Amino acid sequence: MTSLTTFNKTRKTWLPAEQKLAGDTPFGSSAYLRERGTVSYRRRLELLGEHLPAALQFLDATHGGNSDRIFADAVVRGSIDDLLRAYTVYEEREPAEEQIAFFEHYSAHPAELERDAADPANSFRQKLVDRPVRYWSDASARTVRDRAFGAMLRQNLPGPRLYVAEEETEIAISQGLALLHELLPSAAPSAVSHLDFLVVDEFYDEVGSATIAPLLGAIFVARTTLRSPWTLAEAILHECMHLKFVEIEHTHSLLPRGYSEQTSPQLHPPWHPETTTWPMNRALTAAHVYVALSVYAAAAEAAAPEFETRFGPWERSQLLTDSNAAAGRAHSLIDLAAKHPESLGKAGKVFLEWMRSVLRNLTAGLSVMPKAV
């Protein structure tokens, strides 16, 4: 059996890779991304103010020491984006009244926004981040902020949906978050810091989880994912890395000016049928996820003998067999992307090399990893 002491010693083998994922500037540090995001979204508010006076009032009201924390809120950022799209891109789409009301209300009551965002009601038990991660249900929508998030869901998800919170589901997700924290105490908080809302939905059972790029700060998990804390911990990390990538994409020149998925080179991930191709941005976010999963898989395999007494039988990844498989997929996507430098921005080229450096650190560590007995 692997003892706790052995696991802690073993963790040193992937720790350099984990720490790069969690803390490197500019692509690993969530604090740095929040600082950059604040600058970006204050500029977007100025643009929105040309159409919505309350946006400028909100900008003035939130100037100060807590600005980074306010602009890290997914409802603030998502509402800015949705309203900008409604006013400037999709002119036939009516701006959501709940999102207009969001800026009108909180521009007059900024302290109330901080209070509503920090309210622990309907949130999970977790020690990953120092603010609530909400379990979203329609019944929990009580505040102006909640109603604005509900508008984000309707704006970016087709068809009617009903979200109901269940006690046993909340317990399962809290356990998955606890496992993720124990496995990756540096990388997991960095990833989960981009998460505001977790939604259980009846979709994509064959995949188990999803993010929707315009829905900042929200991840979706299928009920089938809840069967094991191991499955759920992986799914949460997977989707939170997609959320983190969106923040990187919003604040860095990963892609060239004028980039379009329609004109992007279509890259074929070799583990999929030949007819499956991805545009550059999807290939980059997938590579980012696989880099993180390669670290997660190493930690999960090493921890399983000890952790199974508390978290149940270890279930290998839904997507992969081991850390090498995840790293192999990351490398293949990085190599494919590197063949099209014209479809990468300046930061995009640096991002590829940074992901390679994380993988090199992981490979170097695992090459001297002690074997469990």
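All values derive from a computational prediction rather than experimental measurement.
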Could you check if a side-chain atom of Ser323 sits within less than 4.5 angstrom of a side-chain atom of Leu362, using non-hydrogen atoms only?
-> yes
How about Phe27 and Phe351: are their ring centroids closer than 6.0 Å?
-> yes
Not counting sequence neighbours, which residues clear salt bridge (Lys or Arg N to Asp or Glu O under 4.0 Å) with Arg115? List them please.
-> Glu112
Sequence neighbours excluded, every pair satisfying salt bridge (charged side-chain N to carboxylate O under 4.0 Å, His left out) that has a member inside residues 31-57 | Arg44-Asp81
Could you tell me whether the side chain of Gln126 and the main chain of Arg131 form a donor-acceptor pair under 3.5 Å?
-> yes
Using the benzene-type ring in the case of Trp, are the ring centres of Phe307 and Trp314 under 6.0 Å apart?
-> no
List, one per line, each side-chain donor-acceptor pair under 3.5 Å for residues 167-174, sequence neighbours excluded.
from   : atom 1 : to     : atom 2 : distance (Å)
Thr169 : OG1    : Glu166 : OE1    : 3.3
Ser174 : OG     : Arg125 : N      : 3.2
Ser174 : OG     : Glu170 : O      : 3.0

Under the salt bridge (Lys or Arg N to Asp or Glu O under 4.0 Å) rule, collect the residues that match up with Asp24, sequence neighbours excluded.
-> Lys20
Quick one: does Thr13's side chain have a donor or acceptor within less than 3.5 Å of a partner on Thr10's backbone?
-> yes
For His238 and Ser209, does a side-chain donor sit closer than 3.5 Å to a side-chain acceptor?
-> no
Which residues pass the ring-ring contact (aromatic ring centres under 6.0 Å, His included) test with Phe58, sequence neighbours left out?
-> Phe103
Pairwise salt bridge (charged side-chain N to carboxylate O under 4.0 Å, His left out) hits with a residue in residues 342-362, at least two apart = Asp335-Arg356, Glu353-Arg356
Report the C-alpha separation of Arg69 and Asp130 in whole Å, then their side-chain angles, then the decisive distance to 0.1 Å, and conclude whether the salt bridge (Lys or Arg N to Asp or Glu O under 4.0 Å) test is met.
-> CA-CA 11 Å; Arg69 194 173 187 91; Asp130 62 356; 3.7 Å; yes
So, Ser30 and Ser190: side-chain donor and acceptor under 3.5 Å apart, yes or no?
-> yes
Contacts of type ring-ring contact (aromatic ring centres under 6.0 Å, His included), residue His340, not counting sequence neighbours = none
Sidechain-backbone polar pair: Trp230 side chain, Gly312 backbone, donor-acceptor under 3.5 Å = yes
Strictly under 6.0 Å, is that where the ring centroids of Phe124 and Trp136 end up?
-> no
Would you tell me whether Gln99 and Asp82 have side-chain atoms, one donor and one acceptor, within less than 3.5 Å of each other?
-> yes
State which residues pass ring-ring contact (aromatic ring centres under 6.0 Å, His included) with His268; sequence neighbours excluded, sorted by chain then number.
-> none
Return yes if some donor-acceptor pair links the side-chain N/O of Ser332 with the main-chain N/O of Arg329 below 3.5 Å, else return no.
-> yes
Quick one: which residue pairs count as a salt bridge (charged side-chain N to carboxylate O under 4.0 Å, His left out) with a foot in residues 236-264, not counting sequence neighbours?
-> Arg77-Glu247
Under the 4.5 Å side-chain heavy-atom rule for ILVMFWY, direct or indirect, which residues accompany Leu162?
-> Val164
With distance as the sole test, does Thr225 use its side chain to make a donor-acceptor pair with the main-chain N or O of Gly208 at under 3.5 Å?
-> yes
Which salt bridge (charged side-chain N to carboxylate O under 4.0 Å, His left out) pairs, counting each pair once, include a residue from residues 146-156, with sequence neighbours left out?
-> Glu98-Arg154, Arg134-Asp146
Is the Trp354 ring parallel, tilted or perpendicular to the His288 ring (thresholds 30°, 60°)?
-> tilted
Within the distance-only criterion (no hydrogens, no angle test), does the side chain of Ser123 pair as donor or acceptor with the backbone N or O of Val133 below 3.5 angstrom?
-> no
Does Arg145 offer a backbone N or O that forms a donor-acceptor pair with the side chain of Tyr106 under 3.5 Å?
-> yes
With sequence neighbours left out, write down each residue that passes ring-ring contact (aromatic ring centres under 6.0 Å, His included) with His331, or none if nothing qualifies.
-> none
Check the surroundings of atom CD in Gln266: do more than 12 heavy atoms from other residues, nucleotides or ligands lie under 6.0 Å from it?
-> yes
